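Just below is one structure, and these are the notes that go with it.
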Number of protein chains: 2
Amino acid sequence: MTELEQYVTSYFGVAEPEELEIISSFFKPETIKKGDYFLLTGKAADKLSFIQTGLLRVFLATENKEVTQWISTKGYFVTDLSGFIFEQPARWTIQALADTELFTIKREDYKKIGTLMSKWHELEKLFIARCFTTLEDRIFSHLSMSAEERYTLFFEHNKSLFNQVPLQYIASMLGMTPETLSRIRKK
Amino acid sequence: MTELEQYVTSYFGVAEPEELEIISSFFKPETIKKGDYFLLTGKAADKLSFIQTGLLRVFLATENKEVTQWISTKGYFVTDLSGFIFEQPARWTIQALADTELFTIKREDYKKIGTLMSKWHELEKLFIARCFTTLEDRIFSHLSMSAEERYTLFFEHNKSLFNQVPLQYIASMLGMTPETLSRIRKK
DNA sequence: GATTCTACTTGACAAAAATCAAGAACATTT
DNA sequence: AAATGTTCTTGATTTTTGTCAAGTAGAATC
């Protein structure tokens, strides 16, 4: 099984080798350089990718500051989910934090899968439901934890990110300032 | 169109009258009294309901405090989504804040819809994707706004809740203490 | 190797929010 | 109407987190 097939399997749980091959064939390799934009807020969110190497930051620039929503690394998927699904302008901007290799599927091809595989929409549903659950946990962390507790929890599960990603972005993603994160880490 | 059919339509966007009738027929009226539990953390999350009258609070009791995740009113659906979809124990406890009338579908009946309507899983997917987007917005509010800004935004969109629901639960749902909410409201 | 740029840290201070404790307002029951 | 039980408010205080400003460290560029 190729790495791409593993990514597809881990997110969509596709079982039949033939189906998996069909789906994977729609994904095309793509490379973006550090600093390049994968997606811009307001533009068409018409692709979904798995990250082979590199790092992408999902954020939104407001008047005062940039708010980092998420950071994706190898093995993660990346897209503006609501824009991709509902064919609406992207809510997020997505930028490469390092040179990044992707496997990308265009929305038109993604939509074809649903016509080729009868159970595809159910797999999609389960995929999105897992994304929902992840966000539910994240909301809970903001309702019930201090900045330090959020940091500790996140650090336990994402140690490897801390070598690769500027801490200011992790701070933003956890809902605190870089200074606060720095002070928490000093302990 | 019955009220139930309107609820189903607004969440699942079902178009054909016959299909709508089939789906609606699986929902049964149910009544729960103020203080009763709709669902308990750890128990089977095997039903999904629309609220006809009344109020339900979705929360989790931790060692220190109860964390209110959401409050549902007339026209909203209510369930433990991840438990319902993945057939796992409920993550949340759901309790009636007032006498409440519901239309409830059991999971076994819900699953039948998928066998009767070929496009059901796609509608489900879109339904859950909208839930996902709502949570994304909520995360963003915690990453980028102060307690006062979160209150103002929520109040603008949910004025009617404030007459019906004890403010302490709204405070918890917005990620602040009842005292902080009270002080913000004094202004 | 010096320069520039960026990320990170640190300190002093300010603001926001939590905590603790008391009391007031309101509804419910008796 | 009195008593009870919640919920909400308010004040005093502490803790947490943010802001501003300066300085340091490290990588990248020249």
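Below, chains carry the letters A, B, ... as their sequence lines are ordered, and counting in each starts from 1. When reading the values below, keep in mind they use all heavy atoms of this one structure, side chains included, and skip hydrogens, waters and symmetry mates. Bear in mind that the values here come from a model prediction, so they are computed numbers and not experimental data.
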[X]/[Y] ion pair, N-O < 4.0 Å:
X: B:R138; Y: A:E136; answer: no
X: A:K106; Y: A:D109; answer: no
X: B:K111; Y: B:E87; answer: yes
X: B:E30; Y: B:K47; answer: yes

Pi-cation contact, A:Y110 with A:R107 (under 6.0 Å, within 45°):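 Not flagged: A:R107 not positioned over aromatic ring of A:Y110.
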Between B:K187 and B:Y151, is NZ or CZ placed under 6.0 angstrom from the six-membered ring centre and within 45° of the ring axis?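 No.
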Rounded to whole angstrom units, what separation is found between the [atom1] atom of [X] and the [atom2] atom of [N]?
X: A:Y169; N: C:dT6; atom1: OH; atom2: P; result: 10 Å
X: B:Q164; N: D:dT6; atom1: CD; atom2: P; result: 22 Å
X: B:K187; N: D:dT9; atom1: NZ; atom2: P; result: 14 Å
X: B:L167; N: D:dT6; atom1: CG; atom2: C1'; result: 13 Å
X: A:N64; N: D:dT19; atom1: CG; atom2: C1'; result: 13 Å
X: B:Q168; N: D:dG5; atom1: CD; atom2: P; result: 17 Å
X: B:H142; N: D:dG18; atom1: NE2; atom2: P; result: 14 Å

If you apply the rule side chain to side chain contact (heavy atoms under 4.5 Å, CB included), what do you find for B:Q69 with B:F59, and how did you get there? CA-CA 5 Å; B:Q69 213 273 342; B:F59 69 99; 5.9 Å; no
Test item: B:E5 and B:T2 side chains (from C-beta on) under 4.5 Å apart, heavy atoms: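 B:E5 vs B:T2: side chains touch.
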For every nucleotide of nucleotides 11-30 of chain C, 5' to 3': is a protein heavy atom under 4.0 Å from its base (B), only from its sugar-phosphate (S), or from neither (-)? BB----SSBB----------
Angle between the two end axes of the helix from C:dG1-D:dC30 to C:dT30-D:dA1, five base pairs per end, rounded to 10 degrees?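 The helix from C:dG1-D:dC30 to C:dT30-D:dA1 shows an end-to-end axis angle of 40°.
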